[in-house]
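These numbers come from the heavy atoms of this one structure, side chains and all, not from hydrogens, waters or symmetry mates.
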Amino acid sequence: MSILHPLSPKQWRIRALRADRVWHVDYPEPICVVEGSTTTIPCSFTHPELPRQSSGVGRVVRVVWCPNHQICHRDTYSVYDSAKLTAGSRFQYLGDLTSSCTLQISKTSSRDAATYRFRIETNVDKELYTGLLGVTITVKRMPRFQELEADWLNHAATPDRLVAKRYGVMQRLGRGSFGCVYLVTDSRAGDGEQLKVLKEIPLGDLRPNETVQASQEAQLLSRLHHPHILRFFHSFLEHDTFCIITEYCQDKDLDYKLGEVRESGRSLSESQVVDWLVQLLLGVHYMHDRRILHRDLKAKNVFLKRNLIKIGDFGVSCLLMGSCDLATTFTGTPYYMSPEVLNHHGYNCKSDIWALGCILYEMCCLSHAFEAPSFLSVVVKIVEGPTPTLPPAFSPDLSSVMQRMLDKQSSSRPRAADVLRSSFIQKNMQRLTEQFSVSPDQSSLAEKHAAQIAQAMQGKVHLRTLRERSEIERMTPRERMRLRKLQTADEKAGRLRRLAEEKYREVSARRRELRTRHFETLSLDVFTESTEGTLQPSQPITAEDRPLMGGSEPMRKQPVEDMCTLERGAHSIPVDPQLAEFYYDQEEFESCSDEEELTEQHPITDSLYSDLRVLILVLSQDSDLEAMMRQMEMVLEGEAGGEETRDLVHSSLVETRIQRMREVLCGRLGEEVFLRLYEDLKKARRSGEGDSRVLDTLVPRDGFLLDQILYHEDQQDQIQQYSQQEEG
Ligand SMILES: Nc1ncnc2c1ncn2[C@@H]1O[C@H](COP(=O)(O)OP(=O)(O)OP(=O)(O)O)[C@@H](O)[C@H]1O
């Protein structure tokens, strides 16, 4: 036996005196610990000499871990922090001692299970008691935390690797707790859609049936489409890895973006924060509507794609962790955890809202809503600390939205739909729909703009003709060479013009359709009605209200008058180096020293290019914007949306989940005990007598699972009732 904490002679004496009073509770079932994680082991035991009703103030004298050398290596497990069982910590003894200790599993040996015993010596009302608790720790090699073999990593980093015979690995984007993330090109995707993201998760010891379930859930996730949910294309098994293909967001994640803003010493404007908040709410609302919880919402899981929000990993944590219980327990960061999760009262959709409230605070203040130097002090702040407020630079309306989202009582916290229907958010959604819409004035400007592009191109052709006809004979060889280069550039310009015209036609058609569908028919009454008459039509958007692209301001669809750089004479060199290079091959022109001639070319080519660039950007963003507006309208009009997929996704996902949770609990408690507790809890809830009697008999982790089973079943019943009513 190895004693990690040497005993002082005094403690030995006390222990010797009370050696008869020894608890010896073998922990009933193995504890599943995920490698690389920190986990909390709950313990609850009663001393035979103390009556169950007794109470008193106690103090933990000492905790001694006794690793069993026969089946584990001592150095693989270490107690790094002890939340409540640290020597000296006080506790209230109420009939039995319920406490927990935190254990970090830093790395594991090749063995999966190990038995630990720990002895706890406590002092209750000055009497010293010793408890010996046997805990079997099973280290589950979850994919999320599995160590990557060096050769696997090398293999993964190979630049021209082809995955599933279609995804060419281009570059490694990073590594998260699930596995490595790569930027890939999809050889089977259409133009402009080739870039995707591949997440490779080493399978490790994932059981075959878990793999099948993960694939089934992945299939369901791939059927979900929302402009603010990162597209989940598909998943597959390749060798020993589970691969997920998702949409690529070139502008990185919100955490990164906020870091940039922080470093630059700036802050985000309220309109930017609200724009992003609305998008986050729309995405969360869509998923909650389909009974899918995120469970790990954080700034790092929110991506930006041309300033549009895309929430990543929705539903993925459950998919990868194999159990929602684990998914919630092992989220790496406590900053976004809600009080109910920390109190083991179960995770629900309101817990996602809490996380969203934390993200809202972070967007405004560029720091965590609950920040403290240690894990435990963050937890205490979340559970007991005051609700934060926003600085005066932000409106009281926004601060109040955030405070409601950070209500410690999950039942009082609004749902995403409630926040979206609040007058403040509705006003802002209305502002957004107006900003993203194309007014007839803008449309005619765009037409004018196209005419200008065509005119400019004609000018170029005319110039070339002149050169060919009258000047060419008089040219020196050097000038002729320059002309040849200009002609090459003209040919490129011709190709670009055709592309521009084509894109412009598409954009115009889309815009016309969009306008007809959404704005000509959409009267302001829609907004007024849906907000119970509280909302007045907002003021028209002025030029100052439209921030320009980039920076920390929201990127909106570029107003068409801004595109018309020809009209304004703003002939700057294209900002995008690739585009600039494509049209205007610098090297070719280096030999041309004639400054005048170059400047003569720039006004046409550069403005054409920047216009084209804007057109292409606008085009590719249109579908997302349209979809976003449709979502906003659906919310404003009070439509739940997605009925046809909702039931399908819900029933399959939830059934799988319930089944899995039942299996886990039956495994831990035995079927008979499980069924008894399940029925008891159900009865207790129906009769309104509260659930603490049943849940208290379980360790928090199991109570948490049971709670989730009932929650999901309840939700399913409600849906069934609802569809029966509909049919009726
Ligand atoms: N769809 C995506 N588009 C662009 N970058 C991405 C995408 N998905 C992930 N990344 C980047 O890849 C890196 C790893 O991402 P991943 O989501 O696996 O881990 P994480 O968010 O850092 O941590 P965790 O796994 O704990 O959530 C991050 O830098 C992230 O910004």
Find out whether N307 and Q272 are in side-chain contact, i.e. whether some heavy atom of one side chain is under 4.5 Å from a heavy atom of the other. yes
Look at the aromatic rings of H368 and Y336 and report parallel, tilted or perpendicular, splitting at 30° and 60°. perpendicular
Residue pair I359 / L297: nearest heavy atoms and the distance that separates them: CD1-C, 4.3 Å
About how many Å separate OH of Y361 and CG of L406, when rounded to the nearest 0.5 Å? 10.0 Å
For residues 383-390, dump all side-chain donor-acceptor pairs below 3.5 Å to protein atoms at least two apart in sequence or in another chain.
none

Salt bridge check, D418 against R413: does any charged N sit closer than 4.0 Å to a carboxylate O? no
For F394, the ring-ring contact (aromatic ring centres under 6.0 Å, His included) test, sequence neighbours excluded, returns none
So, K252 side chain and K257 main chain: donor-acceptor pair closer than 3.5 Å or not? no
Separation between CE (M405) and CG (D352), nearest 0.5 Å, reads 10.0 Å
Report yes if the side chains of W276 and L268 come closer than 4.5 Å at any heavy-atom pair, otherwise no. yes
Is K682 atom NZ crowded by more than 12 heavy atoms from other residues, nucleotides or ligands, each under 6.0 Å away? yes
Residues passing the side chain to side chain donor-acceptor pair (under 3.5 Å) test with S351, sequence neighbours excluded, are E340
Per the ring-ring contact (aromatic ring centres under 6.0 Å, His included) rule, what does the pair list look like for residues 398-428, sequence neighbours excluded? none
Partner set under side chain to side chain donor-acceptor pair (under 3.5 Å) for R404, not counting sequence neighbours: none
Just wondering, do Y678 and R662 contact through their side chains at under 4.5 Å, heavy atoms? yes
Is atom CD of E671 surrounded by more than 12 heavy atoms (other residues, nucleotides or ligands) closer than 6.0 Å? no
So, using salt bridge (charged side-chain N to carboxylate O under 4.0 Å, His left out) as the criterion, who are the partners of R231 when residues are at least two apart? none
Does a side-chain heavy-atom distance below 4.5 Å link L432 with V278? yes
I229 pairs by side chain to side chain contact (heavy atoms under 4.5 Å, CB included) with which of M287, K310, H294? M287
Can you name the nearest heavy-atom pair linking Y335 to F370, along with the distance? CD2-O, 3.3 Å
